[in-house]
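Here is the structure we will look at, set down as structure tokens.
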Amino acid sequence: MAQSFDVLIRGATVVDGTGAPRFAGDVAIQGDRIARVGSLDGARAKHEYDARGLVLAPGFIDAHTHDDSVMLPGGDVTPKVSQGVTTVIGGNCGCSIAPMPRAIPNPVPPPLDLIAARGGWIYRRFSDYVRVLEATPPAINCAMLVGHNTLRVAVMAKLQRPASEKEVRLMRDLADQSLEAGAIGVSTGLAYAPGRCAPIEEVIEVCEPLRDHHGLYCTHMRNEGDDIVDSLEETFRVGASLGIPVNISHHKLIGVHNHGRSKETLGLIADRMTSQAVYLDCYPYTASSTVLLPERVETASRTLITWSKGAPRYAGWDLADIVADMGVTRDGAIARLQPAGAVYHNMSDEDVERILAFDATMVGSDGLPNDERPHPRLWGTFARVLGHYSRDLGLFPLEKAIHKMTGLTAGNFGLIDRGVIREDAFADLTLFDAGGVAETATYTNPSQRAAGVCKVWVNGDLVWDGDRLSGAHPGRFLTH
Ligand code: ZN
Ligand code: CU
């Protein structure tokens, strides 16, 4: 009798996520797992797909996101799923939506305003947030970090100073409870106002529970320009003092006179990787994006406004045009726009390519889903790595591109049985056209779905059929 499965994908070019060479094969799904990989000629399934001419890869894992509120009921995962992403790591840059044991100040202190408006800060404990994700699952999987900026806002009335001994203890306890509830690590955003005044000793103490919970430390470093080497050393110190892995978030070099220095930083990272666990991620663009900061404007050749509470009509405008339109100085315009978000053109192609091609670098979008005119990385990151960087520029083979967004990432974040196509792994899968995959999102028209992604499955369920979400919500809150 013919073997029968739930889903059978026939004749695909399988790229399994480990970095191994592609092979032709059939993949069968039973329940939420991959049941068989190989030649399944005689087999049958409830749903069969002809995948000849297409690549089947593990579902992509977005190593760096701000999707904390997108995972909640009503959140739109189209920017992710349309690129083939099946799992996101949230809570980055020191900003997690939980825990917030007190009423959040009004206005919400930047950069926490990037991930949720005031009404969204309702999860007193991290476990309250997890309970909602489990009761009303999203369409895709997520794993979450607990943010040090969030913890500071949660326990400190005044942020422009180091935390007191008592405040450090409170933050450490909140971090411990969050890890107990399933957070996979702690993140910092030491370049931002809430985290900036924290000495590294404070960070190490708050991160102490990571040791027992086998968690990792992810950091948007204090400096990504002139003082980047000091910041890297500070990051390594956190990992070495606690014996935990560290992840350098969105590694980049900002400011014209720092362009080219990725040679130096990657050399230092490679050297340190021989004695401690160091990971890094990067997004495939030469412009960054965050809240509107005068010091960031200084480092950019061009600044675009992504949203503004002070003067909403300027969303999507070039700051130089706003200055002319308002008839004020640049500082005057920045002040009137606040609070606001921006895209900063401040990196070199050479650095982005070198960092992206570095063997240990994972792909993470750093997409900002709540921005009115978001940086195109939200909708385009994975398609751009596969299309522009791997296929068109030939920066690395497809197998390596996919490994950077699947197997490498699952291994670093401890996501068991994910990021790989093999029997018994979870059936998170992306079927795409390697010749046609491309980002269509641009700086001027950023909310555009990628081309070339045909089908996406999460835990065995189809969530994307080529041009729309299926409506299924098979996503899980992942912990390790
Ligand atoms: Zn960041
Ligand atoms: Cu970020």
Side-chain angles (χ1 to χ4, degrees), residues 61-71 79-80 85 88-97 108-116 142-153 183-196 198 203 216-225 227-228 231-232 234-235 238 246-255 265 279-293 295-296 299-300 306-307 341-344 346-347 352 355 361-371 374-382 409 413:
I61 302 169
D62 192 339
H64 186 112
T65 83
H66 295 285
D67 287 338
D68 302 41
S69 58
V70 174
M71 293 299 110
K80 303 286 144 143
V85 170
V88 299
I89 311 293
N92 275 286
C93 297
C95 306
S96 59
I97 202 168
V108 176
L112 298 191
D113 55 351
L114 287 177
I115 61 167
C142 60
M144 292 288 160
L145 304 161
V146 57
H148 169 250
N149 285 332
T150 296
L151 296 179
R152 278 193 134 229
V153 170
I184 60 164
V186 173
S187 75
T188 55
L190 299 174
Y192 294 111
R196 190 181 290 156
V203 173
L216 84 169
Y217 172 66
C218 296
T219 181
H220 174 153
M221 299 191 300
R222 215 178 279 279
N223 191 283
E224 297 175 296
D227 300 326
I228 193 159
S231 288
L232 284 168
E234 194 177 64
T235 303
V238 176
V246 296
N247 182 56
I248 299 152
S249 296
H250 44 58
H251 185 38
K252 64 169 97 56
L253 283 131
I254 289 175
T265 58
Y279 315 142
L280 69 163
D281 62 69
C282 135
Y283 51 79
Y285 291 89
T286 53
S288 68
S289 183
T290 184
V291 285
L292 180 60
L293 301 165
E295 66 270 24
R296 268 288 170 104
T299 67
T306 52
W307 58 273
V343 161
Y344 308 92
N346 56 13
M347 290 170 244
V352 170
I355 292 168
T361 304
M362 302 177 282
V363 178
S365 71
D366 201 8
L368 297 169
N370 300 323
D371 284 14
H375 186 301
R377 67 195 184 192
L378 174 65
W379 290 80
T381 289
F382 291 82
T409 320
F413 288 98

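Here, residue 1 is the first one in the sequence, and each next residue gets the next number. Note that ligands are numbered from 1 as they come in the structure, with each ligand's atoms numbered from 1 the same way.
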Please state whether the separation between the Cu ion (ligand 2) and some N/O/S atom of [X] is under 2.8 Å?
X	answer
H64	yes
C93	yes
H250	no

Handout entry: Pair N247-D281, side-chain donor/acceptor within less than 3.5 Å
Key = yes
Problem - T290 side chain to Y344 side chain, donor-acceptor N/O pair below 3.5 angstrom - result: no
Practice task
Could you tell me whether the Zn ion (ligand 1) has an N, O or S atom of H64 under 2.8 Å away?
Solution key: no
Exercise for the section: Can you label the angle between the Y285 ring and the Y283 ring as parallel, tilted or perpendicular, going by 30° and 60°? Expected result: tilted
Practice task
Please tell me if the side chains of H148 and L190 come closer than 4.5 Å, counting only heavy atoms from C-beta onward.
Solution key: yes
Handout entry: pair M221-I248: side-chain heavy atoms closer than 4.5 Å
Key = yes
Problem - Closest approach to the Cu ion (ligand 2) by D366, given as the N, O or S atom name - result: OD1
Handout entry: Residue H220 atom name (nearest to the Zn ion (ligand 1); N/O/S)
Key = ND1
